[in-house]
Asker: 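Can you keep this structure in mind? I'll have questions shortly.
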Amino acid sequence: MKAPRGTQDLLPGVTEKWQFVEEKLMEISRNYNYKEIRTPIFEHTELFQRGVGDTTDIVQKEMYTFVDKGDRSLTLRPEGTASVVRSFVEHKLFGSPTQPTKLFYIGPMFRYERPQQGRMRQFVQFGVEALGSADPAIDAEVIGLAMEAYQSLGLKSLKLVINSLGDQTSRESHRQALVDHFSPYKDELCVDCQSRLTKNPLRILDCKKDRDHPAMNTAPSILEYLNEESEKYFIQVQKYLESMNIPYTVDKNLVRGLDYYNHTAFEIMSDAEGFGAITTLSGGGRYNGLVQDLGGPETPGIGFAMSIERLLMALEKENIQLPIKENLDCFVIAMGEEENLLAVKMIKKLREQGIQVDKDYQMKKMKAQFKVADRLNSKFVLVIGETELENNQITIKNMNTGDQVTIDTEQTVDYIKQAIQGE
RNA sequence: GCGAUCAUGGCGAAGUGGUUAACGCACCGGAUUGUGGUUCCGGCACGCGUGGGUUCGAUCCCCACUGGUCGCCCCA
């Protein structure tokens, strides 16, 4: 048996990295005053159809959808925002006296795709949503949080790209302009773009196939169609970013794949060597109509999501070592039955003091047990043999220096405690 | 969904249509009695992704399936 395609087991040796990264992300979230929310891993299919959008690739071809025994159509969540907003509406979090509602989540997402490096069918996203504020400063806060998350782990090769998709009015006039612009060339565009022309002309700008088509360069930019309010908003966001000293570039062709975005859209990419085709580390944006679409009151919102897999990939590409403790405080070696009884008692006492202790359970000989202690990178080895038992003593060997002392059993815990603290 | 490529022990990796499937790492045991990281000696795949087929005979040939990797699409 193998794990299903596009899924992976995280084994000891890498789970430590995940724990470290996840703890870091939670710590940063706390500093920014975002609270954790945990929503179900599956939702009614309709939530994503309405929330993410029927025309998106995610809904059209990437959802893990199934019918349960009660004939309900359910879907393994392909992203986090729709669920968070659903929960926000369902529990009327908009009624809370403290607004905006600042939430973060971390958990598995599912998309049916061809797997490759940095793209799994089950993957983990950390994301943040700020609901209830239309202040451009919060756009900058959310972007800043994402950037800080990467930087705090030591990443350097980062590229922040932002754009504005404008508000509803701006988008509509731009949409019309795009249709007018591309229609004469319809037959020259790829099949996908031909259908995008009617469904979602904005996405044509994103097309890799038609990238070199002459009409591409002259296509109307959304930035030219931003109404006064949208443009002002976008400029404000940039001012805040500059004030926070966060470098960015504006890419007028940045179009996000989900329907709910408007105004601010952004992506963070990695410049690191050898990253392959997939370089987007995280993406997000503003979604002012979404809460209402999902049955809530008119509420602005902004958020982003990042893939932990890709974050870890980026760390590897930049050769960043996470400070993970890879040793054991103490390994206890006991020789006979009586000795083992004493060993077990000592181990319990040591562990109660928060000391990390292990012993052999394979009936190995002393020599082999020392090898194990060495492999576990144990700082100390306690030897309880015949002689020690007789004298009510324990031999303690410092594995780094090779020094060895024999002391009374009663003093052992204190001795180890001090030795470890004194490091 | 499309294209390319690959699939040998815990890991890395050679190899051939036919008696014992290299090698390296790891692991296990030993080099005199209770002490590690070095060295030396020895051990370690009735098995070559799964299922069919061709053949006197296949790990090496053919087909299907499954999975990995890379690219396209798209994204996180």
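Remember, it's a predicted structure, so these values are computed and weren't measured experimentally. Chain naming here is simple, since letters A, B, ... match the order of the sequence lines and numbering starts at 1 in each.
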Asker: Tell whether A/Glu113 reaches the base of B/A76 with its side chain through a donor-acceptor pair below 3.5 angstrom.
Answerer: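 Donor-acceptor pair under 3.5 Å: yes.
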Asker: NA contact type, A/Gln404, heavy-atom cut-off 4.0 Å: base, sugar-phosphate, or nothing?
Answerer: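 The residue A/Gln404 makes base contact.
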Asker: Considering only B/C75, B/G34, B/A4, which nucleotide approaches the side chain of A/Arg310 most closely?
Answerer: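 The closest nucleotide is B/C75.
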Asker: Looking only at the side chain of A/Pro115 (C-beta and beyond, no hydrogens), which of the listed nucleotides B/G34, B/G68, B/C28 gets closest?
Answerer: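 Given the options B/G34, B/G68, B/C28, the side chain of A/Pro115 is closest to B/G68.
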Asker: With sequence neighbours excluded, give me every salt bridge (charged side-chain N to carboxylate O under 4.0 Å, His left out) pair touching residues 135-149 of chain A.
Answerer: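 Matches after skipping sequence neighbours: A/Lys102-A/Glu141, A/Asp139-A/Arg286.
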Asker: Taking the side chain of A/Arg114 as heavy atoms from C-beta outward, which of B/G1, B/A76, B/G34 is closest to it?
Answerer: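 Per side-chain heavy atoms of A/Arg114, the pick is B/G1.
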Asker: At 4.0 Å (heavy atoms only), tell me whether A/Met109 reaches a base, stays on the sugar-phosphate, or touches nothing.
Answerer: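 Here A/Met109 touches no strand at all.
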Asker: Using a cut-off of less than 4.0 Å, is there contact between a side-chain N or O of A/Arg375 and OP1 or OP2 of B/C28?
Answerer: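 For A/Arg375, the contact criterion (side-chain N or O under 4.0 Å from OP1 or OP2 of B/C28) is met.
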Asker: Any side-chain N or O of A/Gln116 below 4.0 angstrom from OP1/OP2 of B/G71?
Answerer: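 Answer is yes, contact under 4.0 Å.
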Asker: Distance check needed: B/G10 P versus A/Asp9 CG, whole Å only.
Answerer: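 Answer to the nearest Å: 16 Å.
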Asker: Distance check: side-chain N/O of A/Lys367 vs OP1/OP2 of B/G34, anything under 4.0 Å?
Answerer: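 For B/G34, OP1/OP2 do not have a side-chain N/O of A/Lys367 under 4.0 Å.
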Asker: Give the residues of residues 316-344 of chain A touching RNA chain B, defined as any heavy atom closer than 4.0 Å, sorted by residue number.
Answerer: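 Listed by number, there are none.
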Asker: Which label fits A/Phe304 and A/Phe126: parallel for a plane angle under 30°, tilted from 30 to 60°, or perpendicular past 60°?
Answerer: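 Geometry flag for A/Phe126 against A/Phe304: perpendicular rings.
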Asker: Where the side chain of A/Gln117 is concerned, which of B/C28, B/C70, B/C74 is the nearest nucleotide?
Answerer: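 Looking only at heavy atoms from C-beta outward on A/Gln117, the closest nucleotide is B/C70.
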Asker: Separation of A/Glu129 atom CD from B/A76 atom P, in whole Å?
Answerer: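 One finds 12 Å between P of B/A76 and CD of A/Glu129, rounded.
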Asker: Any donor-acceptor pair, under 3.5 Å, between the side chain of A/Arg111 and the base of B/A76, if you only look at N and O atoms?
Answerer: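 Such a pair exists between side chain and base.
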Asker: Sequence neighbours excluded, which residues qualify as side chain to side chain donor-acceptor pair (under 3.5 Å) partners of A/Arg310?
Answerer: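 With neighbours one apart ignored, the set is empty.
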Asker: Assess whether one donor atom and one acceptor atom, taken from the side chain of A/Glu388 and the base of B/G34, lie less than 3.5 Å apart.
Answerer: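 Indeed there is one.
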